[in-house]
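Only one structure is covered here, and it is reproduced in the block below.
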There are 4 protein chains.
Amino acid sequence: MASDTEKLTESRYQPPEVRRRQILDAAARLAVDEGLANTSMARVAEVAGVAKGSIYLHFESRQQLIAGLQSDLWERMLEGPAEILVDESLSWSEKLDSVVEHWMRFELEHHGLYHAVFHTVPSSGDEPLAEARSLMERLLEQGAAAGEFNLDGLDIEVVLDFLLHAYIGPCFHQTDQAVAIDNVKRLFRRTVGAES
Amino acid sequence: MASDTEKLTESRYQPPEVRRRQILDAAARLAVDEGLANTSMARVAEVAGVAKGSIYLHFESRQQLIAGLQSDLWERMLEGPAEILVDESLSWSEKLDSVVEHWMRFELEHHGLYHAVFHTVPSSGDEPLAEARSLMERLLEQGAAAGEFNLDGLDIEVVLDFLLHAYIGPCFHQTDQAVAIDNVKRLFRRTVGAES
Amino acid sequence: MASDTEKLTESRYQPPEVRRRQILDAAARLAVDEGLANTSMARVAEVAGVAKGSIYLHFESRQQLIAGLQSDLWERMLEGPAEILVDESLSWSEKLDSVVEHWMRFELEHHGLYHAVFHTVPSSGDEPLAEARSLMERLLEQGAAAGEFNLDGLDIEVVLDFLLHAYIGPCFHQTDQAVAIDNVKRLFRRTVGAES
Amino acid sequence: MASDTEKLTESRYQPPEVRRRQILDAAARLAVDEGLANTSMARVAEVAGVAKGSIYLHFESRQQLIAGLQSDLWERMLEGPAEILVDESLSWSEKLDSVVEHWMRFELEHHGLYHAVFHTVPSSGDEPLAEARSLMERLLEQGAAAGEFNLDGLDIEVVLDFLLHAYIGPCFHQTDQAVAIDNVKRLFRRTVGAES
DNA sequence: AATGAATGAGGCTTCATTCAT
DNA sequence: GATGAATGAAGCCTCATTCAT
């Protein structure tokens, strides 16, 4: 009965993770394009190519779906830096540079999504942010301990929060990306007292 | 019975600015407490102690009400720094310090509202942000021209965006405020190359 | 204290009938221009140049205002024909012609208003229409009695209703008015059997 | 328990056309009974026995629902006459009679609805009316060409508009229907000059 | 008498969620 | 498991009417 043209359409049955990803991707796209607040379950279903009811087989509620979007983002955001930190071949300043590079590129690439997703929402708590923090914290501490950074008289928590917000600004306005990244690297170094 | 200080009880008729403020205040409180997205006109009316319809005598729509919340914030945020900039008695670094002080105190005081209000929303354009930017831009340029700041090889736009986001971070976590402000002042100086 | 320019504005106090007429005229204009359903008390007040509340000094409710519009129209519509009927110098056919002329001109002039006003509304009963009917009824009966009209075997009520609706049709489409009126006169004569 | 004639009880799911008709019927009934302007979506839903939101599965908006009411009426109104016109067995006068018969019966049956529906509304354009017109126009022209009607010196457009409004009058007052129809047939014949 | 700010019922519409198929 | 018609709470806004001034 099956004709050979029929297989071009999405098969009706998909493994759960695939469906889940389809839905998350649709939601992410819509959140960026039309704003999270304007993204209804109906639209998500439509774009994901599933029925409205089916979303509820994978997510308990709209809230949960959005939470899914969030953890998704964090996960991807933390992938790179974790490796950077343990790379023995880099100096602390270079690690700092690498983190800037990674985060800014990520931000530049996803910032529509990032900003669409991390507001509006009774954000379920910032556990993943905490992870990013602790990552940077170690970087600062170890860089300082190694004498590469100069944080004398500064509260490391404050420096941390300063940096974690600062790099986002230059991602917005469309200057040349390479220039922006390079500039921010230098400003990070200045901030931690690593500039010659 | 009527004393000359009177009016603790609500009278039915209020001058427009008073009503307007009642409504804005109610909206602000709700935006902070329950999230802007969850703040319905009905709730605002309830908290403001006016009828639902009355809001529309002062704001054309929900959008306009939110826009009102925004301009309100910006207005108050820009009051101080404008004066700082023209204060001849301060060095450029001291002016930078003053701006940090002002903005951080403002942020610390309002940041619940600030963050509730400046997202979710098809923000009516960032004209006021632009104003804050141009203010800081002049500060940086003139400080650099005066030789107090060192921005060699840096794109002033990038530095600007960097700073405008950076100070917000340290406002969140409850370290000692005085310490946080002091730290951020030093970090701002480092960023613009003004530290000895 | 009164300057000489002040009197150009409408004096604040007007005799009731004048105010009443101002309001009715405003309502009529709005009903024609924007549709009766879209005509709010606020708009009427605005166009009439009075306060919203003042309308209620002259009309008990919106319903009553609309009823006022209706009787107004009927009154003017019935003015002419009543005189025609008692004019001894005219034959019955000529009287019929005159009524056609009067009503069509009235309709052509007011039909926007007419159609705006006589629908939508729980029309308070058609007492004035009854008056127009009885007028025409007498015309038909007397013309028939005089041998000018031939209504043999026809129910006079039916003929009446037929005519009272028929003339309205040709008022709509913009053929030459004079032609239309002349044609309708002939058709009325045909209908009552008065054409040679 | 389930009989094969079954379904006197409402089942939750109905084919779209059935639901659509339920809603249209409810709307029609309310429009007649309480006036179109007083017919809210909530009442329609209630009378139709569906949820408020369900109406929007079948009609995009209140406007569309009302438009639906209109086309419904027109459709049924135009069914008969189209056939009459091409019936070779009838003389032109008989065709005229048939159209009168059809329209008056229709009007008598539906006129509450008819008049409730065709006012108040930014009527979506009168395309269907135009269809009724062109139908009658052909009838008049061909009857005249055949020498059965005498329209000498008359503008056919005027005659048309005259007739299209005239027959509605006698539908209102409750004389004997058969008499009314018979009378109007004769008056139509007189109007087109077809009476012996 | 005149005003217009204030009221609040009620209208239209959206949308997260459910559930019979 | 998948579907999407059906639901109904809740949102925004309008407007006839009232009433303190």
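Scope of the values below: all heavy atoms of this structure, side chains included, with no hydrogens, waters or symmetry mates. A note on names: the letters A, B, ... follow the listed sequences, proteins ahead of strands, and every chain is numbered from 1.
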More than 12 heavy atoms of other residues, nucleotides or ligands under 6.0 Å from CD of E46(D): is that the case? yes

I need the CD1-P distance between I23(A) and dG1(F), as an integer number of Å. 13 Å

Compare side-chain N and O positions of H58(B) against OP1 and OP2 of dA6(E) and report whether any pair is under 4.0 Å apart. yes

Nearest whole Å is fine: how far is dA10(F) C1' from K52(B) NZ? 10 Å

If I take atom CG in residue L57(C) and atom P in nucleotide dT18(F), what distance separates them, rounded to the nearest angstrom? 12 Å

Take atom OH of Y56(B) and atom P of dC12(F), then tell me their distance rounded to the nearest Å. 6 Å

Find the distance N38(D):CG to dG10(E):C1' and express it as a whole number of Å. 12 Å

Taking E34(B) first and then R43(B), would you say they form a salt bridge - that is, a charged N and a carboxylate O separated by under 4.0 Å? yes

Going by an N to O cut-off under 4.0 Å, is there a salt bridge joining R20(A) and D25(A)? no

To the nearest Å, how far apart are I55(C) CD1 and dA2(E) P? 12 Å

If we call it a pair only when both distances are under 3.5 Å in a Watson-Crick or G-U wobble match, what pairs with dT18(F)? dA5(E)

Base, sugar-phosphate, or nothing: which does S54(B) touch, judged by heavy atoms less than 4.0 Å apart? base

Pick the closest DNA chain F nucleotide for S40(B) and for E60(C) by heavy atoms, then say which residue is nearer the 5' end. S40(B)

Separation of dC13(F) atom C1' from M41(B) atom CE, nearest Å, is 8 Å

Between T39(D) and V50(C), which is nearer to the 5' end of DNA chain E once each is assigned its nearest nucleotide? V50(C)

Rounded off to whole Å, could you give me the CZ-to-C1' distance for the R62(D) and dG10(E) pair? 13 Å

Taking the nucleotide of DNA chain E with the closest heavy atom to each, which residue, A51(C) or G53(A), is nearer the 5' end? A51(C)

R62(B) atom CZ: more than 12 heavy-atom contacts under 6.0 Å: yes

I want to check something: taking the side chain as every heavy atom from C-beta on, are I66(C) and F59(C) in contact at a cut-off of under 4.5 Å? no

